[in-house]
K.L.:
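This structure is in structure tokens; I'll ask about it shortly.
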Amino acid sequence: MRAMRLTAWGQGPVLTEVERPAPHGVEVLVRVEAVGLCHSDLHVVDSTPGALPYRLPFTLGHEVAGHVAELGPDAGGLAPGDRVVIYGPWGCGECSRCAAGRDNYCDRRGGLDRHGVGLGQDGGMAEYVLVPSARHLVPIGDLPAEQAAPLSDAGLTSYHAIAGLRHTLGDPASTAVVIGVGGLGHLAVQILRATTPGRVLAVDIREDALDLAHRSGAHFTTPVRDDTAHVLRTRTGGVGVDAVLDFVGNGATLDLAAALLRPGGELALVGSGGGRLTVCKPGALPPGARLSLPFWGTRPELAEVVALARSGALHVETEQFPLSEAPEAFARLRRGEVRGRVVLVPE
Ligand code: NAD
Ligand code: ZN
Ligand code: ZN
């Protein structure tokens with residue numbers, strides 16, 4: 001079968017032929033119907049040797065939807081043909097976090113040489129993907145695969161980050177700012193609108209991303225300029241915002257986030273842009289500020305995101321490519337030309 005594989009650090013992934021895997025024990029073989037391309041895939045591809053604990057080669061793709069093709073002899077709970085999305089962060093499977101479906105915060109993560117599907121072990125940019133256990137599969141019913149796949153990271157990560165902010169966004173007068181309205185950010189805007197009562201403001205460097213923010217339900221959007229912090233604070237009557245979700249995470253966006261927060265406000269840093277924020281008292285952050293570093297999400301939350309999408313509250317903006325055009329899709333994402341999420345569809 002064809003697969004998009006990372007074969008050497010610092011070089012682009014390549015489309016190659018690999019053998020179709022067979023499920024053993026409790027493993028489940030999933031026929032891939034759609035797989036999302038995440039900005040994190042670029043971070044992985046661009047990593048220097050030794051920066052990540054992964055062994056090469058492996059197949060990329062950590063946002064995967066499809067149907068059960070074959071069950072290992074000891075696998076249960078699902079039947080061939082069942083349509084599923086893959087819960088991607090695979091932990092040790094034994095610690096208390098993993099037992100609760102919180103593999104994203106596995107206690108043994110630091111000692112693992114893989115972090116989940118398509119992250120150090122073969123992922124979904126292929127015709128089939130082997131899943132270690134049915135516990136990583138969430139049913140999607142009749143949800144289209146290109147809608148379901150991005151829910152497993154872009155949707156889930158946004159949902160998990162917002163869940164951590166919910167205590168500060170319960171008031172209709174509260175304000176949240178989304179920085180970076182790409183694959184994750186446009187779903188964050190929709191999830192905020194669907195699950196919190198307050199106002200949603202969005203910022204991006206691209207006009208078409210701001211259009212997408214509007215269509216996703218943002219009350220106000222503005223491009224990044226020198227006076228962006230002032231423009232946004234004005235929208236809050238000058239007091240500052242209750243929560244900032246930073247889906248970029250470079251030095252400029254972290255500075256913007258710090259300048260926007262009101263006292264007691266909260267910053268969720270999601271983007272892996274490598275920027276730094278100095279934390280000290282007194283400092284750039286206002287008194288009472290809180291900072292979170294959410295990573296992916298939990299399995300129960302993935303089921304909630306799928307339910308939200310099936311209720312009609314979420315719509316993923318997608319650009320679809322056949323798997324054979326994965327190299328061009330990677331290039332488009334790198335050039336910042338993607339609107340919403342790129343989804344690859346195996347032929
Ligand atoms: P994306 O490329 O689809 O979207 C990024 C958006 O940010 C684009 O619209 C881009 O125009 C905008 N942007 C870039 N620079 C900006 C700036 N200086 N100010 C404002 N907007 C700017 O990326 P994505 O797939 O949505 O991923 C976003 C980030 O989140 C990446 O860094 C990715 O690695 C990270 N990520 C983190 C997790 C996690 O669990 N913490 C999970 C998935 C992705
Ligand atoms: Zn991702
Ligand atoms: Zn664990």
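Counting starts at 1 for both ligands and their atoms, following the listed order.
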K.L.:
Which one of Arg334, Arg339, Arg335 satisfies the salt bridge (charged side-chain N to carboxylate O under 4.0 Å, His left out) criterion with Glu337?
P.N.:
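Going through Arg334, Arg339, Arg335 one by one, the salt bridge (charged side-chain N to carboxylate O under 4.0 Å, His left out) with Glu337 is satisfied by Arg335 alone.
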K.L.:
Heavy atoms only: which of Thr228, Asp153, Leu333, Asn250 lies closest to atom 42 (C) of ligand 1?
P.N.:
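Heavy atom nearest to atom 42 (C) of ligand 1 belongs to Asp153.
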K.L.:
Of the protein's non-hydrogen atoms, which lies at the shortest distance from atom 40 (O) of ligand 1, and what is that distance?
P.N.:
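Heavy-atom neighbour on the protein nearest atom 40 (O) of ligand 1: Trp296 N, 2.7 Å.
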K.L.:
Do Tyr128 and Val32 make a side-chain contact, defined as non-hydrogen atoms from C-beta onward lying under 4.5 Å apart?
P.N.:
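Not in contact.
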K.L.:
Between the side chains of Arg108 and Asp103, is the shortest nitrogen-to-carboxylate-oxygen separation below 4.0 Å, so that they form an ion pair?
P.N.:
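So Asp103 does not pair with Arg108 through a salt bridge.
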K.L.:
Taking the Zn ion (ligand 3) as the center, what protein N, O or S atoms are found at less than 2.8 Å?
P.N.:
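As for protein N, O or S atoms lying under 2.8 Å from the Zn ion (ligand 3), they are Cys92 SG, Cys95 SG, Cys98 SG, Cys106 SG.
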K.L.:
Which label fits Tyr54 and His115: parallel for a plane angle under 30°, tilted from 30 to 60°, or perpendicular past 60°?
P.N.:
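Perpendicular.
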K.L.:
Are any non-hydrogen side-chain atoms of Val244 and Glu266 less than 4.5 angstrom apart?
P.N.:
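The answer is no; the side chains never approach within 4.5 Å.
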K.L.:
NE2 (His62) to the Zn ion (ligand 2) to OD2 (Asp153): angle, nearest 10 degrees?
P.N.:
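The NE2/OD2 angle about the Zn ion (ligand 2) sits at 100°.
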K.L.:
Output yes when Asp142 and Arg310 qualify as a salt bridge under the 4.0 Å nitrogen-oxygen rule, no when they do not.
P.N.:
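A salt bridge links Asp142 with Arg310.
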K.L.:
Taking NZ, NE, NH1 and NH2 as the nitrogens, is one of them in Glu70 or Arg31 under 4.0 Å from a carboxylate oxygen of the other?
P.N.:
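No.
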K.L.:
Counting non-hydrogen protein atoms only, what is the nearest one to atom 2 (O) of ligand 1? Give residue, atom name and distance.
P.N.:
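Ranked first by proximity to atom 2 (O) of ligand 1 is His39 ND1, 2.6 Å.
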K.L.:
Considering only protein heavy atoms, which is closest to atom 41 (N) of ligand 1, and at what distance to one decimal place?
P.N.:
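Here the closest protein heavy atom is Pro294 O, 3.1 Å.
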K.L.:
Starting from atom 25 (O) of ligand 1, which protein heavy atom do you reach first, and at what distance in Å?
P.N.:
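It is Arg341 NH1, 2.6 Å.
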K.L.:
Just by modelled atom types, is the Val14 backbone N or O under 3.5 Å from a matching donor or acceptor in the Arg5 side chain?
P.N.:
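Looks like no, no N/O pair under 3.5 Å.
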K.L.:
Nearest protein heavy-atom contact for atom 39 (C) of ligand 1: which residue, which atom, what distance?
P.N.:
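Among all protein heavy atoms, the one nearest atom 39 (C) of ligand 1 is Thr157 CG2, 3.6 Å.
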K.L.:
Note the single closest protein heavy atom to atom 22 (C) of ligand 1, along with its residue, its atom name and the distance in Å.
P.N.:
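Answer, as residue, atom name and distance: Val248 CG2, 3.4 Å.
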